[in-house]
Amino acid sequence: MSQPPIVRTRFAPSPSGHLHVGGARTALFCWAYARKHGGKFILRIEDTDQKRSHDIAKLAFLEDLKWLGIEWDEGPVFQGCGGGDAGPYFQSQRLDLYHKYIEQLLEEGKAYRAFETTEELDVARKQAREGKKNYRYDRAALDTDADTREKWADEGKPHVVRFRVPDEGTNTVHDEVRGDVTIDATELDDFVIQKADGYPTYHFAVVVDDELMGVTHVIRAEEHLKNTHKHILLQEALGFRQPVFAHISVITNPDGSKMSKRDKDKALRKAYRVFVESNREKSVAGDEAFNAAIARWQEDRDCQLDWLDAEDLALSVGCHLPEINVDDFRRAGYLPEALINYLALLGWNPGGDLEKFTSDFLCKNFDFDRVQKSPAKFDREKLRAFNHDAIQALPADEFVRIYRNYWQTYFSGLYDLFTQRRGGHVFDILARANQARSKTLSDTINESYFFLEADDKIQYEKTKAVRKALVNGEPCGYDHLEAIIPELRKLLEWTVETIEKALKSYAETHADGKLGKVAQPIRIAVSGGTISPAIFDTLFILGRESVINRIERCLAHRNANV
RNA sequence: GACCCCAUCGUCUAGUCAGGUCCAGGACGUCAGGUUUUCAUCCUGAAAACAGGGGUUCGAAUCCCCUUGGGGUCGCCA
């Protein structure tokens with residue numbers, strides 16, 4: 001009895017910056033499946049496209065995976081992850097391997113060299129489309145005899161290598177999610193396996209690497225289902241084992257279109273067009289390199305801006321880029337455990353009514369039989385609700401740590417200012433006061449600026465709610481403000497507890513026990529509006545001097561108005 | 001257009017494989033009340049779906065067929 005091979009799954013992204021949520025879900029499922037079976041999860045970089053740049057920023061998704069807690073056993077070495085004996089894990093470093101197998105197919109007559117140019121093929125495709133015909137490569141290369149083709153190749157004439165597919169029969173993928181998927185052999189044409197630059201195509205590299213790396217389960221998005229037929233043919237031709245396949249459905253936008261990195265580019269192009277049309281005399285300010293990048297981007301519809309440039313431009317033209325990447329959600333103040341939970345549930349569920357679970361649970365329970373076949377729309381509101389629950393579930397100390405870290409990372413200027421003025425321990429109080437009112441870590445950022453404004457710069461909102469809180473009733477809000485100042489002055493200690501005691505006691509005797517009658521005018525006086533953390537926390541954080549200054553100023557404002 | 005895949009509330013889904021316990025359950029969102037020092041919460045309640053049509057069967061959300069709708073793919077991208 002032979003042992004079943006140890007489960008080895010892999011996630012194989014192309015190096016293109018940050019990880020988008022669809023990729024994250026695929027990686028999550030690959031990882032969970034490997035963990036469940038005590039196997040290995042491999043990360044492989046599919047960098048066979050020389051047209052794409054290869055700077056290190058393109059590997060930002062390594063950081064994203066780490067942040068999500070998806071750790072790879074083999075692959076690029078990064079922060080304690082990676083390594084392994086089946087490398088190198090960058091396809092661009094494995095060219096000799098691919099060449100060896102290409103030669104093998106060539107010698108066996110299972111592949112051949114073809115000399116058509118891209119332009120010639122484009123014309124043929126266009127003609128087919130116009131004639132409402134299905135395009136299929138016509139094997140024109142085979143019209144030239146083999147010796148001539150070898151001679152051309154020796155002379156260095158640019159060419160590709162095509163795989164010769166069977167002329168008849170059917171091809172079946174046994175898919176763990178979808179069952180058997182069969183197509184007719186005539187649906188496939190002789191696809192390219194080696195490009196003119198000598199690099200293998202995706203199809204070829206994937207098949208060779210999965211074999212050499214001992215991959216047992218290929219879990220990937222549905223967009224690859226059709227490719228799988230090609231991969232099976234290659235595996236058969238090369239005498240490779242066939243892994244188990246599982247194709248998961250794509251994640252879509254609310255309008256049903258595939259959620260993709262391009263969505264950001266689309267949104268940006270649209271906003272930029274509007275900006276240029278309405279600001280003819282103004283241009284987007286930037287340094288030379290930035291402007292050059294914009295120009296290139298405008299010339300080529302297929303070109304996408306570097307993500308840093310994209311964010312700069314979005315800021316300049318007032319465009320909110322849709323959150324697509326894991327990092328977008330991280331910046332927006334989502335917790336990794338919430339994103340993981342939500343993503344996992346988008347396409348898989350443990351059955352019954354259970355929705356909330358950890359990645360640990362996923363690793364124990366994930367299997368293909370509960371993977372959804374249909375595409376799932378990405379619902380930001382539900383993600384937000386999940387994030388809210390995740391934040392509320394955090395112990396206070398842990399929330400403070402995460403909240404501080406979030407400010408330091410994404411709002412460092414604000415954080416430094418706050419801690420300089422009020423001190424690090426007061427930031428803790430702010431964090432604690434904000435936990436209950438946060439659905440994301442960023443929710444309370446905008447509502448924290450008033451703490452740092454100069455006392456005499458507070459602007460009072462001119463809304464009904466504000467007026468009502470200040471002037472309605474007898475005594476009115478202004479009257480309470482006047483009366484509360486001495487109460488605050490005489491406190492021996494300025495703590496959340498002493499403030500609470502003083503305000504409650506005042507409300508008891510002067511406002512029929514209705515704290516709101518007193519709290520709301522104070523809130524307006526110190527913040528300018530009706531939104532702040534709990535009033536006792538707010539006053540403590542602000543400090544006694546500022547509180548009294550602001551209340552007095554508010555009262556002066558009343559007199560000026562009367 | 002061709003090929004392939006899919007189809008339960010607005011959304012994610014349970015139930016489908018082993019037909020009856022389902023006039024279809026949960027969650028997000030929505031709406032209506034309530035609690036609360038504001039915002040955010042929290043509590044209670046409500047509206048909300050088996051795409052349509054044929055079969056099979058005593059019985060169909062569940063099995064079969066057709067139609068319709070949605071998605072994916074059709075690159076020297078991955």
Novice: When rounded to the nearest Å, what value does the distance between C1' atoms of B:rG25 and B:rA49 take?
Specialist: 12 Å
Novice: At 4.0 Å (heavy atoms only), tell me whether A:Glu116 reaches a base, stays on the sugar-phosphate, or touches nothing.
Specialist: base
Novice: Heavy atoms under 4.0 Å, any strand shown: does A:Ala376 hit a base, just sugar-phosphate, or nothing?
Specialist: sugar-phosphate
Novice: If only side-chain N and O atoms of A:Arg125 are considered, is one of them under 4.0 Å from the OP1 or OP2 phosphate oxygen of B:rC76?
Specialist: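 So the side chain of A:Arg125 is within the cut-off, an N or O lying under 4.0 Å from OP1 or OP2 of B:rC76.
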Novice: Under 4.0 Å from OP1 or OP2 of B:rA78: is there any side-chain N or O of A:Thr48 that close?
Specialist: yes
Novice: Give one of base, sugar-phosphate or nothing for A:Gln194, where a contact means two heavy atoms less than 4.0 Å apart.
Specialist: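 No contact.
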Novice: Assign A:Asn227 to base, sugar-phosphate, or nothing according to its heavy-atom contacts below 4.0 angstrom with the strands shown.
Specialist: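 The residue A:Asn227 makes base contact.
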Novice: Output, in order, the C-alpha distance, side-chain angles, deciding distance and verdict of side-chain contact (heavy atoms from CB on, under 4.5 Å) for A:Thr48 and A:Leu95.
Specialist: CA-CA 9 Å; A:Thr48 54; A:Leu95 298 179; 5.7 Å; no
Novice: With nearest nucleotide decided by heavy atoms, which residue, A:His388 or A:Lys382, maps closer to the 5′ end of RNA chain B?
Specialist: A:Lys382
Novice: Under the 3.5 angstrom rule, does the side chain of A:Arg544 hit a backbone N or O of A:Leu491 as a donor-acceptor pair?
Specialist: yes
Novice: If I pick the P atom on B:rG10 and the same atom on B:rC6, what distance separates them, to the nearest angstrom?
Specialist: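 About 23 Å, rounded to a whole number of Å.
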Novice: Measuring to OP1 and OP2 of B:rC77, would you say a side-chain N or O of A:Lys195 lies under 4.0 angstrom away?
Specialist: yes
Novice: Other residues, nucleotides and ligands only: do more than 12 of their heavy atoms fall within 6.0 Å of NZ on A:Lys157?
Specialist: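 Yes, the 6.0 Å shell around NZ holds more than 12 heavy atoms from other groups.
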Novice: Taking atom types as modelled, find out whether A:Asp263 and A:Asn253 have a side-chain donor-acceptor pair closer than 3.5 angstrom.
Specialist: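 Note: A:Asp263 and A:Asn253 side chains meet the donor-acceptor criterion.
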Novice: Tell me whether the OP1 or OP2 atom of B:rC77 has a side-chain N or O from A:Lys51 closer than 4.0 Å.
Specialist: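 True: A:Lys51 side-chain N/O within range (under 4.0 Å) of B:rC77 OP1/OP2.
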Novice: Would you say the base of B:rU37 and the side-chain of A:Arg523 have a donor-acceptor pair closer than 3.5 Å?
Specialist: yes
Novice: Check the phosphate of B:rG15 against A:Arg370, side-chain N and O only, distance under 4.0 Å to OP1 or OP2. Yes or no?
Specialist: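 Indeed, a polar side-chain atom of A:Arg370 lies that close.
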Novice: Students often get this wrong, so: under 4.0 angstrom with heavy atoms, is A:Ala385 touching a base, only sugar-phosphate, or nothing?
Specialist: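 The answer is sugar-phosphate, as A:Ala385 gets under 4.0 Å only of primed atoms, P, OP1 or OP2.
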Novice: Would you indicate what A:Asn349 reaches in the nucleic acid, counting non-hydrogen atoms under 4.0 angstrom: base, sugar-phosphate, or nothing?
Specialist: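 Since only primed, P, OP1 and OP2 atoms lie under 4.0 Å of A:Asn349, the category is sugar-phosphate.
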Novice: Taking the C1' atom in each of B:rC22 and B:rU8, what is the distance between them to the nearest angstrom?
Specialist: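 One C1' to the other, the span is 12 Å.
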Novice: So, is the end of the A:Lys356 side chain (NZ or CZ) under 6.0 Å from the ring centre of A:Phe386 and within 45° of the ring's axis?
Specialist: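 Yes, a cation-pi geometry holds between A:Lys356 and A:Phe386.
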Novice: Pick base, sugar-phosphate or nothing for A:Tyr342, based on heavy-atom distances below 4.0 Å to the nucleic acid.
Specialist: nothing
Novice: Rounding to the closest angstrom, what is the interatomic distance between B:rA61 and B:rG19 at atom C1'?
Specialist: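 After rounding to an integer number of Å, I get 10 Å for this pair.
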Novice: With sugar-phosphate meaning primed atoms plus P, OP1 and OP2, does A:Glu355 contact a base, only sugar-phosphate, or nothing at under 4.0 Å between heavy atoms?
Specialist: base
Novice: Between B:rG10, B:rC76, B:rA78, which one does the side chain of A:Tyr202 approach most closely?
Specialist: B:rA78
Novice: Which base sits across from B:rC3 as a Watson-Crick or G-U pair, both distances under 3.5 Å?
Specialist: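 B:rC3 is paired with B:rG72.
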Novice: Here's a test of your reading of the structure: between A:Glu500 and A:Phe386, which maps to the more 5' nucleotide of RNA chain B?
Specialist: A:Phe386
Novice: Choose from B:rG26, B:rG29, B:rC76 the nucleotide whose nearest atom is closest to any side-chain atom of A:Val160.
Specialist: B:rC76
Novice: Say we look at B:rC63 and B:rU16: how far apart would their P atoms be, to the nearest angstrom?
Specialist: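 To the nearest whole Å, 9 Å.
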Novice: When we call it a touch if two heavy atoms are under 4.0 Å apart, what does A:Lys517 touch: a base, just sugar-phosphate, or nothing?
Specialist: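 Nothing: the residue A:Lys517, judged by heavy atoms under 4.0 Å, touches no strand.
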Novice: Within the structure shown, what part of the strands sits under 4.0 Å from A:Ser14 by heavy-atom distance: base, sugar-phosphate, or nothing?
Specialist: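 Counting heavy atoms under 4.0 Å across all strands, the contact made by A:Ser14 is with sugar-phosphate only.
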Novice: Base, sugar-phosphate alone, or nothing: which one does A:Ile183 contact when heavy atoms must sit under 4.0 Å apart?
Specialist: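 It contacts sugar-phosphate atoms only.
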Novice: Select one nucleotide: of B:rA40, B:rU73, B:rA7, the one nearest the side-chain heavy atoms of A:Arg437.
Specialist: B:rA40
Novice: Using a heavy-atom cut-off of 4.0 Å across all strands, would you classify A:Gly347 as base, sugar-phosphate, or nothing?
Specialist: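 Sugar-phosphate: the residue A:Gly347, judged by heavy atoms under 4.0 Å, touches backbone atoms but no base.
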Novice: Report which part of the nucleic acid A:Pro158 touches: base, sugar-phosphate, or nothing (heavy-atom distance under 4.0 Å, all strands).
Specialist: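 Result for A:Pro158 = nothing.
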Novice: Distance between the C1' atoms of B:rG29 and B:rG72, in whole angstroms?
Specialist: 28 Å
Novice: A:Gln372 side chain N/O closer than 4.0 Å to the phosphate oxygens (OP1, OP2) of B:rA7?
Specialist: no
Novice: Counting any heavy atom closer than 4.0 Å, what does A:His247 reach on the DNA or RNA strands: base, sugar-phosphate only, or nothing?
Specialist: nothing
Novice: When rounded to the nearest Å, what value does the distance between P atoms of B:rC76 and B:rU11 take?
Specialist: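 The same atom, P, in both gives a distance of 37 Å.
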Novice: Given the P atoms of B:rC17 and B:rC64, what is the spacing between them in whole Å?
Specialist: 9 Å
Novice: Mark yes or no for whether A:Asn341, through its side chain, and A:Phe357, through its backbone, hold a donor-acceptor pair below 3.5 Å.
Specialist: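 Judged by distance alone, yes, a pair lies under 3.5 Å.
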Novice: Which residue in the set A:Ile499, A:Ile548, A:Val496 passes side-chain contact (heavy atoms from CB on, under 4.5 Å) when paired with A:Leu539?
Specialist: A:Ile499
